[in-house]
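One structure is given below, encoded as structure tokens.
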Amino acid sequence: MRLSRYFLPILKEDPKEAEIVSHRLMLRAGMIRQQSAGIYSWLPLGKRVLDKVNAIIREEQNRAGAQEIMMPTIQSADLWIESGRYNDYGQEMLRIKDRHDRALLYGPTNEEMVTDIFRSHVRSYRDLPLNLYHLQWKFRDEVRPRFGVMRSREFLMKDAYSFDLDYEGARAAYNRMFVAYLRTFSRFGLQPIPMRAETGPIGGDLSHEFIVLADTGESAVYCDRTLLDLPIPGEDTDFMGDLSPIIEAWTGAYAATDDMHDAAAFEDVPQDRRVSARGIEIGHIFYFGTKYSAPMRALVANQEGEMVPVHMGSYGIGPTRVVAAIIEASHDDAGIIWPKSVAPFDLGVVNLKPGDERTDEIAEGLVVRLERAGVEVLYDDVDQRAGAKFATMDLIGLPTQVVVGPRGAAAGEVEVKDRATGAKETLSLDEAVNRLVHEKG
RNA sequence: CGGGGCAUAGCGCAGUCUGGUAGCGCACCUGCUUUGGGAGCAGGGGGUCGCAGGUUCGAAUCCUGCUGCCCCGACCA
């Protein structure tokens with residue numbers, strides 16, 4: 001992609017409304033635009049990151065046996081009246097009337113709807129376990145949206161919903177999502193810490209929040225340092241097998257958010273292992289049993305032929321929030337530093353002197369070779385001074401920058417710079433291509 | 001929802017107190033020079049001053065009402 005043709009409205013100055021670093025950098029890097037309080041458009045650069053995040057989520061959900069569906073944003077109030085939540089949910093629910101004066105709502109979550117889908121198609125325990133997930137926009141009419149997409153009113157949400165015959169089955173489903181979450185967040189370059197959580201309005205009695213530590217986190221969190229060193233379950237994890245040893249390892253040490261904190265229990269953690277920090281919640285998983293299946297009569301026949309309500313769980317990740325969390329965890333004074341897995345482009349090629357025959361030839365040849373090899377390249381062919389180009393590249397945070405200047409071009413050399421470390425290396429064209437294609441691989 | 005604040009060009013701001021034909025920096029367009037860390041000079045384009053009323057010969061400025069947005073707190077993925 002040529003930068004001269006790319007819609008990247010970067011800002012040199014800090015927008016005054018942005019208080020936290022991720023919000024500021026997302027606006028400055030031209031990733032998002034606020035349309036209304038807590039409602040954002042995603043511009044090309046931001047959209048690319050969001051797509052990468054979603055792709056990883058899908059891979060790991062599918063790996064864990066979940067199946068993707070898509071449910072509407074607009075729901076009928078009827079289902080919510082049935083579950084009893086229409087009155088309970090309160091002002092956060094955006095309620096709408098259609099032209100026939102029928103009560104609709106913009107979905108804040110989808111337990112009722114997925115339960116309806118389930119009950120209308122599944123009759124037997126033989127069809128279980130089942131896990132359906134979707135990625136969809138949700139709306140919660142927060143009293144005070146803030147921090148950009150970290151706490152917006154409209155936000156993208158991946159929600160998975162599991163259906164099992166009994167508690168044991170549901171527990172296994174919960175464990176599968178638990179492991180999938182560890183893998184997912186790890187692939188974002190984040191270090192997830194599962195913490196026991198309150199179940200809130202979703203209900204239920206088994207719940208974990210996945211927290212990443214960040215100075216700007218919304219809540220105080222406390223945990224045992226050993227959790228920071230646990231190995232992430234590998235790609236070869238057998239999701240059909242017994243995952244409980246993994247879960248036990250990850251839930252054995254102390255970890256709690258502010259509202260669940262037990263100061264006395266925390267005292268039992270050796271002093272040098274106590275971590276007291278701030279955290280961002282990027283995922284939340286619940287087991288809630290028959291809370292919805294019972295009132296909504298989502299019943300299946302068990303082996304004895306009795307109709308029993310299914311045991312359910314729900315498992316959320318907010319991709320839009322995740323993008324902000326990644327920036328909170330990975331940036332410096334110059335801008336964003338994307339982990340390779342979610343970077344909007346693999347690398348940027350900076351042509352320091354567009355219009356110079358030799359420099360253009362080297363830079364464009366490099367771009368073509370890299371793109372043919374499947375590398376995603378943002379090619380800065382804009383006629384600007386070097387300083388401005390470097391500042392832009394640093395701001396948007398592509399993991400690697402390849403600088404092609406007239407001096408190096410004459411010698412057939414380019415400079416490869418690592419955004420995170422700042423390390424620069426001068427390489428021949430062929431060396432650079434080999435290296436960069438290999439790193440992408 | 002309690003408390004505080006802001007609204008003037010794409011962005012950041014001055015002008016409002018004390019009414020008199022709307023300004024600065026960045027960005028944008030043209031030209032020349034410049035060219036390895038956000039260039040310089042010259043010229044140029046762009047604003048119903050959030051909206052609606054009112055006062056006045058005259059309102060960005062004074063008065064009334066409304067709307068939007070931000071910050072602190074309570075609440076939340």
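Chain A is the first sequence line, chain B the second, and so forth, proteins listed ahead of strands; every chain is numbered from 1. Any value given below was found using the heavy atoms of this structure, including those in side chains, with hydrogens, waters and symmetry copies removed.
- Near-neighbour residues of RNA chain B inside residues 337-369 of chain A, defined by a heavy atom below 4.0 Å, number-ordered: A/L352.
- Residue A/R385 places none of its side-chain N or O atoms closer than 4.0 Å to OP1 or OP2 of B/G40.
- Going from the P atom of B/G37 to that of B/G15 covers 37 Å, rounded to whole Å.
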Detail all sub-3.5 Å separations between protein N/O atoms and N/O atoms belonging to nucleotides 23-26 of chain B.
{"residue": "B/G25", "atom": "N2", "partner": "A/E13", "partner atom": "OE2", "Å": "2.8"}

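- Residue A/K16 places its side chain closer to B/C6 than to any other of B/C75, B/C6, B/C70.
- Ring-plane geometry between A/Y6 and A/F345 is classed as perpendicular, the angle between the planes exceeding 60 degrees on a 0 to 90 degree scale with a lower cut at 30.
- For the side chain to side chain donor-acceptor pair (under 3.5 Å) test, residues two or more places apart in sequence or in another chain that qualify with A/D430 are A/R369.
- Applying a 4.0 Å cut-off to non-hydrogen atoms, the residues of residues 414-422 of chain A that approach RNA chain B are A/E415, A/K417, listed by residue number.
- Rounded to an integer number of Å, the gap from A/L8 CG to B/C28 P is 13 Å.
- Here A/R146 does not reach the OP1 or OP2 of B/C71: none of its side-chain N or O atoms lies under 4.0 Å away.
- The side chain of A/Q384 places no N or O atom within less than 4.0 Å of a non-bridging phosphate oxygen (OP1 or OP2) of B/G37.
- The environment of NZ in A/K138 is crowded: more than 12 heavy-atom neighbours from other residues, nucleotides or ligands sit within 6.0 Å.
- Shown are A/Y133, A/Y174, A/Y161; of these, the side-chain contact (heavy atoms from CB on, under 4.5 Å) with A/Y315 is made only by A/Y174.
- A heavy atom lying under 4.0 Å from RNA chain B marks the following residues of residues 155-164 of chain A, by number: A/F155.
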Side-chain donor-acceptor distances from residues 395-411 of chain A under 3.5 Å, at least two apart:
{"residue": "A/Q401", "atom": "NE2", "partner": "A/D394", "partner atom": "OD1", "Å": "2.8"}

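- Side chain of A/D159 to main chain of A/H134: no donor-acceptor pair is present (N/O by atom type, distance under 3.5 Å, no hydrogens or angles).
- When the side-chain nitrogen and oxygen atoms of A/S36 are compared with OP1 and OP2 of B/C69, one or more of them lie within a distance under 4.0 Å.
- The CE atom of A/M93 sits 17 Å away from the C1' atom of B/C75 (whole-angstrom rounding).
- Using N1 to N3 plus N6-O4 or O6-N4 for Watson-Crick, or N1-O2 and O6-N3 for G-U wobble, each under 3.5 Å, B/U30 pairs with B/A42.
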